[in-house]
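Working notes, beginning with the structure itself.
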Number of protein chains: 2
Amino acid sequence: MRILSEFDQEDRKRKLLQAVIHEYIKTGKPVGSAHLASGYRLDLSPATLRNVMSELEEEGFLSHPHTSAGRVPTDKAYRFYVDAIMDVQHLARLEEERLDREYKARMQEIQDLMLSTSKTLSALSKYTGFVWTPGMEKARLQHVELIPLEPRRILAVLVSDTGMVKHRIVSFDSPVPPAFLGDLRTLLNEDLRGKPFSEARDTLMDHVDRITQRHMDLMEMARRLAREAFSTNEGDFYLEGAGSLFSLPDFQNQEEMRSLVHLLDEKTHLGEMLSKEMGETAPGGKSKGVMVRIGAENKSPGLRNMSVVSSSYVVNGRPVGLLGILGPKRMEYSRMVAVVDAVSRLVSQALGRMTEK
Amino acid sequence: MRILSEFDQEDRKRKLLQAVIHEYIKTGKPVGSAHLASGYRLDLSPATLRNVMSELEEEGFLSHPHTSAGRVPTDKAYRFYVDAIMDVQHLARLEEERLDREYKARMQEIQDLMLSTSKTLSALSKYTGFVWTPGMEKARLQHVELIPLEPRRILAVLVSDTGMVKHRIVSFDSPVPPAFLGDLRTLLNEDLRGKPFSEARDTLMDHVDRITQRHMDLMEMARRLAREAFSTNEGDFYLEGAGSLFSLPDFQNQEEMRSLVHLLDEKTHLGEMLSKEMGETAPGGKSKGVMVRIGAENKSPGLRNMSVVSSSYVVNGRPVGLLGILGPKRMEYSRMVAVVDAVSRLVSQALGRMTEK
DNA sequence: TTTTAGCACTCACTTTACCCGAGTGCTAAC
DNA sequence: GTTAGCACTCGGGTAAAGTGAGTGCTAAAA
């Protein structure tokens, strides 16, 4: 019988914790000492495992649903797992190639791209996939067009450098002179190109006088056009595969289900929440650009017993949106991180192709 | 003792049926004879009610969940109720005025309009509200604009007479000459104005030669532009308040819930289904433009124990989309019909203002 | 002939009791 | 330090019993 050094002790503990997490992720049932002893080659008796497990419980890594049940990993355990133990998987080559082909093939329209992406995320994860496209606030203005539909109706089209297009029809009480429109368009394109939308609107409001010196009576008109066409929109939130969560044993009881539905129902809220949460400092780890938020790490009470794996996607080196998956805490983090990472790269590439060509 | 004429008999039966439906709509629990006798001034003993009810059951208007339970209205009963008994309510004046103000005030952007509308429907009904905006297939082309963003990237903007705008960026391998673009734009606007989108695309493909006689090498380019810019998009489906259904006693058991989630998860499908169903002949009734589909009247299995109250909304006298609510069969049809009718009018008006001014 | 009272019967639902077994914590032996 | 043994816990499943709303039927009353 050999005496274990402190290092060995800790190492064993870690391996055990890993085993528990693994098993729980697989089965969803609290894992007991005997089960563990037989399933994993730990060469220890159930009794010993019980001792170590109770230590782990004291340290806050495991918890007991009730006295006579096996152990369940806590948020802290998952966090430890993600940070220190987990190996980030790679997608199977086949899978990756198929995805790559799909993205190269038929991703033309930005909305389709986002929709398919959230579907893809859902399909790969078997959980809920989401994509958050922020409003244009952060995007930079690339091009402005003002198209007279009728004398009193103007179609304003704004194109951002991220390839997003926003349009807005503005109706006036009196006809808008074409010359005025031309001037305004020139002004807009000269002055505002490259500026962030939010800034552009303000600049525009200031500069609108320059043009209205010639068309004094049109001042208000220009103001209104600026105000309405540049009004902030809130961005889109795509959510797919919400149903898949309901088949999981994790969300079986009525209450759980109810709150889940409620959560998913409020898409808009959810989008805001996620984007806010993600905007903050990412819990660290070896996860490249991918963030993992486990259970109570999510500020929103609705997400308290879920995990979110997310990553921002990038155009021209700038992060412009967020995508990821929503699933039970008990998820295969290593695979999920790989999925989110891969998809976020693909989306970034596709957007790049759409805007830079 | 007076002998009842056949008319009186039938009248009584009808009143009874109405009472049962009413009570069931209110409580959601099978209604028994005693309950009915005490709650409604029918001046009949439970025993008599039982007799009449069993007749109604034979005729297919009522059903028994099990031998010793009260009666539950069948689809047929609801249908009869909607067609023959129900008084279409009016919204309370206050409610209506508030709605009116809201719609007049801040409905500028078409997408906002639709989103708010589905939210409004959900709020008024306490069930799920939906709005279906068809693709542009049916809309007529009003204006086409081709904007060069960069030499090799063209932004095509299509405006329909219903005020919808569709845009699409098309990238080419080689620069597109501005003159060519101008020609194409002129051609498009002259030839295609007023044509339905689907037709426009075909016409365009045919006529594209006319222009490419001058720019032979650009033929393929024009083709591609036409094909991609005019590609059919599928329309949007807005769905709000899905969660509210889950609090209803009607969908409490697991299986019910699961299938409901599944249904709502497939927004796209749902949109198609509804639009298909609604396109067909509306079950008649005194319900103005509002259609009511009860339970199995819906072809889609997922809707079998729900009811759909819907109405199309109109621009320039042409129905261009569909909106309504989705709820349990046991719903206050009279109010729901009023809600859907009112909202559909408001949307039609708002769209009218957006397009005609 | 229609309505009503009376009554036996049904059947979902609830409550209670019970058992089973996986799993623990502790103690004492290895 | 590790393990075997053992009493104990407690959720979950199942069966039995009780409850009550509601029915269908029959026979009497109107």
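First the proteins, then the strands, lettered A, B, ... as listed; each starts at 1. None of these values were measured; they are calculated from a predicted model.
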Atom [atom1] of [X] and atom [atom2] of [N]: how far apart are they, to the nearest Å?
{"X": "A:Tyr24", "N": "C:dA22", "atom1": "OH", "atom2": "C1'", "answer": "16 Å"}
{"X": "A:Lys13", "N": "D:dT2", "atom1": "NZ", "atom2": "P", "answer": "12 Å"}
{"X": "B:Leu42", "N": "C:dT3", "atom1": "CG", "atom2": "P", "answer": "13 Å"}
{"X": "B:Leu49", "N": "C:dT2", "atom1": "CG", "atom2": "P", "answer": "16 Å"}
{"X": "B:Leu56", "N": "D:dG24", "atom1": "CG", "atom2": "P", "answer": "12 Å"}

If you look only at pairs with a residue in residues 31-66 of chain B, which of them pass as a ring-ring contact (aromatic ring centres under 6.0 Å, His included), with sequence neighbours excluded?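 Only B:Phe61-B:Phe80 qualify under ring-ring contact (aromatic ring centres under 6.0 Å, His included).
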
Measure the spacing between NZ of A:Lys329 and CE of A:Met331 and express it to the nearest 0.5 Å.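 Spacing of NZ (A:Lys329) from CE (A:Met331) equals 11.0 Å.
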
In Å, rounded to the nearest 0.5 Å, how long is the span from CG of A:Leu245 to CG of A:Asp250?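 It is 9.0 Å, given to the nearest 0.5 Å.
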
Quick one: which protein N/O atoms are closer than 3.5 Å to N/O atoms of nucleotides 9-13 of chain C? Pair and distance per line, please.
from	atom 1	to	atom 2	distance (Å)
C:dT10	O2	B:Ser68	OG	2.9
C:dC11	OP1	B:Thr67	OG1	3.1
C:dC11	O4'	B:Ser68	OG	3.1
C:dC11	O2	B:Ser68	OG	3.2

Side chain to side chain contact (heavy atoms under 4.5 Å, CB included) for B:Ser33 and B:Arg71? Distances and angles first, verdict last. CA-CA 9 Å; B:Ser33 54; B:Arg71 256 75 174 201; over 6 Å; no

Could you work out, with salt bridge (charged side-chain N to carboxylate O under 4.0 Å, His left out) as the rule, every residue matching B:Arg50, not counting sequence neighbours?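 Residues passing salt bridge (charged side-chain N to carboxylate O under 4.0 Å, His left out) with B:Arg50: none at all.
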
Does anything in residues 29-40 of chain B reach DNA chain C, meaning a heavy atom under 4.0 Å, and if so which residues?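 Those residues whose heavy atoms fall under 4.0 Å from DNA chain C, taken from residues 29-40 of chain B, amount to none.
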
Only one of A:Leu49, A:Leu36, A:Asn51, A:Leu16 clears side-chain contact (heavy atoms from CB on, under 4.5 Å) with A:Leu44; which?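 Only one of A:Leu49, A:Leu36, A:Asn51, A:Leu16 forms a side-chain contact (heavy atoms from CB on, under 4.5 Å) with A:Leu44, namely A:Leu49.
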
Electrostatic pair B:Glu95:B:Arg335 at N-O distance under 4.0 angstrom: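 Result for this pair is yes, salt bridge flagged.
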
Dot-bracket for DNA chain D, 5' to 3', with Watson-Crick and G-U pairs under 3.5 Å, [ ] for crossing pairs and | for other-strand pairs: what is it? ||||||||||||||||||||||||||||||

Below 3.5 Å is the cut-off: list the nitrogen or oxygen pairs between protein and nucleotides 4-7 of chain C, distance only.
from	atom 1	to	atom 2	distance (Å)
C:dT4	OP2	B:Ser45	N	3.1
C:dT4	OP2	B:Ser45	OG	3.3
C:dT4	OP2	B:Thr48	OG1	2.5
C:dG6	O6	B:Arg50	NH2	3.3

Is any side-chain nitrogen or oxygen of B:Arg71 closer than 4.0 Å to OP1 or OP2 of D:dG24?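 Yes, within the criterion.
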
